[in-house]
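Here is the structure we will look at, set down as structure tokens.
Along the sequence shown, residues are numbered consecutively beginning with 1.
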Amino acid sequence: MINTTVWNRLRYTVYAPVYDLVATRAFRKPRRKALAQIDWEPGMRVLLVGAGTGLDLPYLPRELEVHLTDLTPAMVKRARERAEHAQRDVVCRVMDATQLDYPDEHFDVVIMHLILAVMPNPERGLAETHRVLRSGGQLCVMDKFQPDTHPAGPSRRALNALTSLIATDITRQATPLLQQAGFNIRRDEPVLMNGLFRALLAAK
């Protein structure tokens, strides 16, 4: 299987220098819409999983305790620089989303933007998210998903062999993934490309 943790770390190390050029403008509005769904309160402890170069940071309230993780050291380095430039106190760590080095029920909010369609095993990633999120905590997801009403057909699955290698899986369905991990979906909003990208807010 090509889509592995090692391959993801390698390719995102290559993508890191140009990632912001591609992702900043394209996902500015989707990020803001997704984060606006969260019921924010001062002092919340927040975890950004697979946060890349930290492009979500400008849209987070300041009165939070923020932790940021990514699989790729080059991405985390850029995220740390972004946080420092913005004068934000953010804990930035290299970490595998399927093996989060945090205690059970440690966070009030977990944010997973543009990671579930990239991970080799999103089920394990969501299981870890569920573990570190407190009871009643909020999960914010923004990503590309196959419609929940029907699974991907043969042609889409064939194309997915290529897209998974260079970018992302295009066959995953949001609702089954989140529900199987034990989350209750509260909000589900299309945010880009006629609903290909969706923002979902779920609760533990």
Side-chain angles (χ1 to χ4, degrees), residues 1-9 27 30-31 33-35 37-39 44-52 56 67 69-71 95-161 163-165 167-204:
M1 182 179 180
I2 293 296
N3 186 11
T4 65
T5 297
V6 173
W7 172 240
N8 277 345
R9 182 180 287 115
F27 293 104
R31 289 181 194 278
K33 287 182 179 179
L35 295 171
Q37 293 183 334
I38 298 172
D39 298 318
M44 279 180 159
R45 184 179 290 150
V46 180
L47 174 64
L48 287 80
V49 179
D56 289 306
H67 296 250
T69 71
D70 196 90
L71 180 67
M95 198 177 298
D96 187 335
T98 65
Q99 301 176 53
L100 295 175
D101 185 21
Y102 290 107
D104 294 354
E105 300 194 356
H106 192 63
F107 292 98
D108 301 296
V109 176
V110 176
I111 297 165
M112 303 182 79
H113 285 178
L114 304 175
I115 178 175
L116 288 178
V118 174
M119 296 177 68
N121 192 329
E123 293 85 1
R124 282 184 58 190
L126 283 168
E128 274 293 271
T129 295
H130 193 274
R131 179 184 67 79
V132 302
L133 194 62
R134 68 167 175 80
S135 180
Q138 302 170 81
L139 169 64
C140 179
V141 171
M142 188 272 289
D143 218 320
K144 66 189 73 58
F145 293 107
Q146 170 75 12
D148 293 328
T149 52
H150 58 278
S155 60
R156 192 178 183 93
R157 291 198 302 271
L159 178 61
N160 190 59
T163 63
S164 292
L165 175 63
T168 182
D169 193 298
I170 58 172
T171 66
R172 294 174 181 172
Q173 295 174 292
T175 298
L177 278 173
L178 296 182
Q179 289 182 342
Q180 288 167 16
F183 290 100
N184 297 311
I185 298 173
R186 290 180 174 176
R187 301 171 190 169
D188 185 349
E189 179 182 356
V191 291
L192 191 65
M193 296 179 66
N194 295 318
L196 174 63
F197 287 83
R198 289 155 57 191
L200 300 98
L201 184 70
K204 177 176 176 179

Closest heavy-atom pair, Val110 versus Phe107, reported as atoms and distance to 0.1 Å, is CG2-CB, 4.3 Å
In this structure, CG of Asn184 is separated from CG of Leu201 (nearest 0.5 Å) by 11.0 Å
| message | Donor-acceptor pair, distance only, cut-off 3.5 Å: does the side chain of Asp143 make one with the backbone of Ile115? | response | yes
- Query: Can you check side-chain contact (heavy atoms from CB on, under 4.5 Å) on Glu123 and Leu177, steps first, answer last?
  - Reply: CA-CA 7 Å; Glu123 293 85 1; Leu177 278 173; 3.7 Å; yes
Residues Asp148 and Pro176: closest non-hydrogen pair is OD1-CD, 3.7 Å
For Gly125 and Thr98, the nearest pair of non-hydrogen atoms, with its separation, is N-CG2, 3.9 Å
Practice item. Indicate yes or no: does Asp188 engage Arg198 in a salt bridge with an N to O separation below 4.0 Å. Key: yes
Rounded to the nearest 0.5 Å, the CD atom of Glu128 sits from the CG atom of Leu47 at a distance of 10.5 Å
message = Has Glu189 got a side-chain atom pairing as donor or acceptor with Ala199's backbone, closer than 3.5 angstrom?
response = no
Here the pair of heavy atoms bringing Val109 nearest to Ile111 is CG1-CG1, 4.1 Å
Working for side-chain contact (heavy atoms from CB on, under 4.5 Å), residues Thr175 and Phe145 = CA-CA 9 Å; Thr175 298; Phe145 293 107; over 6 Å; no
Please check: side-chain N/O of Arg131 versus main-chain N/O of Leu100, any donor-acceptor pairing under 3.5 Å? yes
So CG of Asp101 and CE of Met95: to nearest 0.5 Å the spacing works out to 5.0 Å
* Begin from the C-alpha positions of Gln146 and Arg172 and carry the test side-chain contact (heavy atoms from CB on, under 4.5 Å) through to its verdict. => CA-CA 5 Å; Gln146 170 75 12; Arg172 294 174 181 172; over 6 Å; no
Contacts satisfying ring-ring contact (aromatic ring centres under 6.0 Å, His included) that involve residues 182-204 (not counting sequence neighbours) are Phe27-Phe197, His130-Phe183
Report task. Would you kindly say whether Arg45 and His106 are connected by a side-chain donor-acceptor distance under 3.5 Å? Result -> yes
Go through the steps for Glu105 and Val132 under the test side-chain contact (heavy atoms from CB on, under 4.5 Å), then give the verdict. CA-CA 4 Å; Glu105 300 194 356; Val132 302; over 6 Å; no
Can you find a heavy atom in the side chain of Val46 that is under 4.5 Å from one in the side chain of His67? no
CG of Leu48 to SG of Cys140, rounded to nearest 0.5 Å, is 9.0 Å
Rounded to the nearest 0.5 angstrom, the CG-CG distance for Leu116 and Leu178 is 7.0 Å
All heavy atoms of Arg186 vs all of Asp39, minimum pair found to be NH1-OD2, 4.1 Å
Where the side chain of Gln173 meets the backbone of Pro147, is there a donor-acceptor pair that is under 3.5 Å apart?
-> yes
In short, Leu126 meets Ala181 closest at the heavy-atom pair CB-CB, 3.7 Å
Legend entry - SB check Lys204 Asp108 (cutoff 4.0 Å): no
Can you find a heavy atom in the side chain of Leu139 that is under 4.5 Å from one in the side chain of Met112?
yes
